[in-house]
Trainee: 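Structure in structure tokens, see below.
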Amino acid sequence: METLKSHLDRFLDNFPRERHLTNDPVQFVHRYGDPRDREVVGLIASALAYGNVKSVLRSVDRALKPLGPRPAETVAAFDPRRDAKMLRGFYHRFNTARDLGALLWTIRRSLEEYGSLEGVFVSGVGAGDSDTGPAIGRFSSRMLGFGVETLYSRKEWKERLGARFFFPSPEQGSACKRINLYLRWMTRPADGIDCGVWTRLAPAKLVIPLDTHIARISQYIGLTERSSPGWRMATDITQSLARLDPADPLRYDFALCHLGIAGDCPRKRDPVKCRRCPIQAVCRL
């Protein structure tokens, strides 16, 4: 583990984070200075963070434009029936304008009930929870408990995931990648990538946002022996990283993920790319 830690620390110290920020949806959070705007924008951006990177960035930008320069204020007054026209034409893969409106409604109701999105989330954190898994399940239940189903026809609610796609639960085996991504953005100390907006959740409790890049690279460098992506793999990788940095295991996540997003870590051994790889010495590929 010491060898792995030394290589990953060196990799992290030399990783050009600012260059890769342009290919990450967290860039939208950095557009705003007010913490209230940042946590609202962060949830919207992370909820849509699935699929091709360019498509994600286009969709997040389109979702945020109607909210203007003060998104938290706009969302706090949002009425999904009255204001549906402002979202007309929005579409991201299988999420529609109706789904986006439902997401904005859940945010509005959470702000009314708890004062902030941080308030909603930390209200579900148990004293004995070793990680955020149980709290994510409670968060999703609370967000979906604000009458979201009334915004859909009975048939549509039954046949489509709709807004439910935004709020998965570890209890269903989901890796909850997008919610974990949101929690990382909000909770880790401000470092030019993550934002340190929240103060009531310890970074040590975070679970890695597991996507195909993290799953693959983690197998290459021995962070997990699991082959099936899901909540168990996510916690397994996180526990391995916690042995390297118990207080802040997710500090390696952005760099490792973007090593894959940028195409610098191939799926099959590539003599040229592998020779240039900054963590090639600890890779099993």
Side-chain angles (χ1 to χ4, degrees), residues 1-27 46 48-58 93 131 168 170 173-181 183-185 188 191-194 203 206-246 248-285:
M1 275 294 181
E2 277 302 315
T3 300
L4 178 60
K5 177 174 171 56
S6 64
H7 281 283
L8 288 184
D9 285 347
R10 191 178 307 116
F11 165 57
L12 197 61
D13 289 342
N14 294 292
F15 191 76
R17 294 179 300 175
E18 293 76 13
R19 176 160 60 86
H20 289 275
L21 182 61
T22 59
N23 284 323
D24 197 285
V26 74
Q27 65 179 274
S46 61
L48 298 172
Y50 67 97
N52 176 273
V53 172
K54 290 182 179 180
S55 173
V56 169
L57 299 181
R58 284 196 301 268
R93 297 195 71 186
D131 59 41
S174 171
C176 301
K177 175 252 181 177
R178 289 165 295 120
I179 291 183
N180 282 325
L181 187 64
L183 296 177
R184 198 201 82 203
W185 293 350
R188 284 200 66 253
D191 62 357
I193 298 296
D194 298 318
L206 297 176
V207 174
I208 200 161
L210 182 67
D211 64 5
T212 57
H213 304 293
I214 288 295
R216 181 167 51 84
I217 295 172
S218 294
Q219 290 170 328
Y220 292 170
I221 62 176
L223 295 176
T224 184
E225 298 296 332
R226 293 185 178 275
S227 57
S228 299
W231 185 256
R232 289 184 178 181
M233 178 184 274
T235 56
D236 192 38
I237 294 169
T238 305
Q239 288 162 9
S240 294
L241 291 174
R243 289 194 284 273
L244 308 182
D245 191 332
D248 189 13
L250 266 55
R251 73 188 186 95
Y252 302 100
D253 175 54
F254 181 84
L256 288 173
C257 183
H258 278 269
L259 189 66
I261 290 174
D264 295 330
C265 179
R267 293 184 177 276
K268 295 181 179 180
R269 177 166 285 280
D270 181 307
V272 176
K273 288 186 176 181
C274 290
R275 193 181 307 119
R276 293 198 304 252
C277 179
I279 57 173
Q280 190 269 340
V282 291
C283 180
R284 301 174 177 180
L285 180 64

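For this chain, numbers begin at 1 and follow the sequence in order. Not measured: the values here are computed from a predicted model.
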Trainee: Report the C-alpha distance between Ile279 and Leu259 in whole Å, list the side-chain angles of each, state the deciding distance to 0.1 Å, and finish with yes or no for side-chain contact (heavy atoms from CB on, under 4.5 Å).
Mentor: CA-CA 10 Å; Ile279 57 173; Leu259 189 66; 3.8 Å; yes
Trainee: About how many Å separate CG of Asp194 and CG of Leu250, when rounded to the nearest 0.5 Å?
Mentor: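 Result: 8.0 Å between the selected atoms.
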Trainee: Just verifying a value: how many Å separate Leu181 CG and Arg178 CZ, rounded to the nearest 0.5 Å?
Mentor: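 Leu181 atom CG to Arg178 atom CZ measures 10.0 Å (nearest 0.5 Å).
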Trainee: Within a strict 4.5 Å, meaning less than it, do heavy atoms of the Ser46 and Pro25 side chains meet?
Mentor: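 The answer is no, as the side chains (C-beta and beyond) never meet within the 4.5 Å cut-off.
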Trainee: If I compare all heavy atoms of Trp231 with all of Pro170, which pair ends up nearest, and what's the gap?
Mentor: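 Looking at all heavy atoms of both residues, the shortest contact is CD2-CB, 3.5 Å.
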Trainee: Once rounded to the nearest 0.5 Å, what's the spacing between atom CZ of Arg184 and atom CG of Asp248?
Mentor: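 Reported value, rounded in 0.5 Å steps: 10.0 Å.
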Trainee: Could you grab the distance from atom CD of Gln280 to atom CZ of Arg269, nearest 0.5 Å is fine?
Mentor: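 The distance works out to 6.0 Å.
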Trainee: With a 3.5 Å distance limit and no angle check, can you tell me whether Ser240 reaches the backbone of Leu223 through a side-chain donor-acceptor pair?
Mentor: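 Yes, the answer is positive, given that a donor and an acceptor are paired below the 3.5 Å cut-off.
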Trainee: Working to the nearest 0.5 Å, report the span between CZ of Arg232 and CD1 of Ile237.
Mentor: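 Output value for this atom pair is 14.5 Å.
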Trainee: Using modelled atom types and a 3.5 Å cut-off, is there a donor and acceptor pairing between side-chain atoms of Tyr220 and backbone atoms of Arg267?
Mentor: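 Checked: pair present.
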Trainee: Donor-acceptor check, side chain of Gln27 to backbone of Thr22, threshold 3.5 angstrom: yes or no?
Mentor: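 Yes, because the side chain of Gln27 sits within donor-acceptor range (under 3.5 Å) of the backbone of Thr22.
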Trainee: Can you see which heavy atom on Val26 is nearest to which on Ile193, and at what distance?
Mentor: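 Minimum heavy-atom separation between Val26 and Ile193: CG2-O, 3.5 Å.
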Trainee: Check Phe15 against His20 and note the closest heavy-atom contact, atom names and distance.
Mentor: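 Closest pair (atom of Phe15, atom of His20, distance): CZ-CD2, 3.3 Å.
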Trainee: Taking side-chain contact (heavy atoms from CB on, under 4.5 Å) as the criterion, tell me which of Leu241, Val282, Leu244 meets it with Lys5.
Mentor: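 Going through the options one by one, the only one that passes is Leu244.
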Trainee: Main chain of Ala49, side chain of Lys177: is a donor-acceptor contact present, judged purely on distance under 3.5 Å?
Mentor: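 Yes; at least one donor-acceptor contact below 3.5 Å.
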Trainee: Does the side chain of Pro168 reach to within under 4.5 Å of the side chain of Ile179, using non-hydrogen atoms?
Mentor: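 Yes. Closest side-chain heavy atoms under 4.5 Å.
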Trainee: Indicate yes or no: at least one non-hydrogen side-chain atom of Leu210 is less than 4.5 angstrom from one of Asn180.
Mentor: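 Not in contact.
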Trainee: Donor-acceptor pair, Thr238 side chain versus Ile208 backbone, under 3.5 Å?
Mentor: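 Yes: the side chain of Thr238 pairs with the backbone of Ile208.
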Trainee: What closest approach, in Å, do Tyr252 and Leu12 show between heavy atoms, and which atom pair accounts for it?
Mentor: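 Closest pair (atom of Tyr252, atom of Leu12, distance): CD2-CD2, 4.2 Å.
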Trainee: Given 3.5 Å as the limit, does a donor-acceptor pair link the side chain of Gln219 with the main chain of Arg226, or not?
Mentor: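 The answer is yes, because a donor-acceptor pair under 3.5 Å joins these two groups.
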Trainee: Please find the pair of heavy atoms, one from His213 and one from Gly260, that lie closest to each other, and give the distance.
Mentor: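 Looking at all heavy atoms of both residues, the shortest contact is ND1-C, 3.4 Å.
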Trainee: Please name the pair of heavy atoms, one in Cys283 and one in Ile221, separated by the smallest distance, quoted to 0.1 Å.
Mentor: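 Taking Cys283 first and Ile221 second, the nearest heavy atoms are CA-CG2, 4.2 Å.
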Trainee: Side chains of Ile214 and Met233, heavy atoms from C-beta outward: is any pair under 4.5 Å?
Mentor: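 The answer is no; the side chains never approach within 4.5 Å.
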Trainee: Using a strict threshold of under 4.0 Å (side-chain N to carboxylate O), is an ion pair present between Asp253 and Arg188?
Mentor: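 Not counted as a salt bridge, because no side-chain N and carboxylate O are separated by less than 4.0 Å.
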Trainee: Is it the case that atom CZ in Arg216 sees more than 12 heavy atoms from other parts of the structure closer than 6.0 Å?
Mentor: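 Yes, the 6.0 Å shell around CZ holds more than 12 heavy atoms from other groups.
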Trainee: Quick one: pull up CG in Leu183 and CG in Leu206 and give me the separation to the nearest 0.5 Å.
Mentor: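 CG of Leu206 is found 6.0 Å from CG of Leu183.
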Trainee: Run the salt-bridge test on Arg251 and Asp9 with the 4.0 Å N-O cut-off and return the result as yes or no.
Mentor: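 A salt bridge links Arg251 with Asp9.
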Trainee: Find out whether Pro209 and Trp185 are in side-chain contact, i.e. whether some heavy atom of one side chain is under 4.5 Å from a heavy atom of the other.
Mentor: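 Counting from C-beta outward, Pro209 and Trp185 never come under 4.5 Å.
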Trainee: Mind running side-chain contact (heavy atoms from CB on, under 4.5 Å) on Phe11 and Leu256 for me, showing each step along the way?
Mentor: CA-CA 9 Å; Phe11 165 57; Leu256 288 173; 3.8 Å; yes
Trainee: Give a yes or no answer on whether the side chain of Ser6 reaches the backbone of Thr3 with a donor-acceptor pair at less than 3.5 Å.
Mentor: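 Indeed, once roles are kept as given, a pair shorter than 3.5 Å links the two residues.
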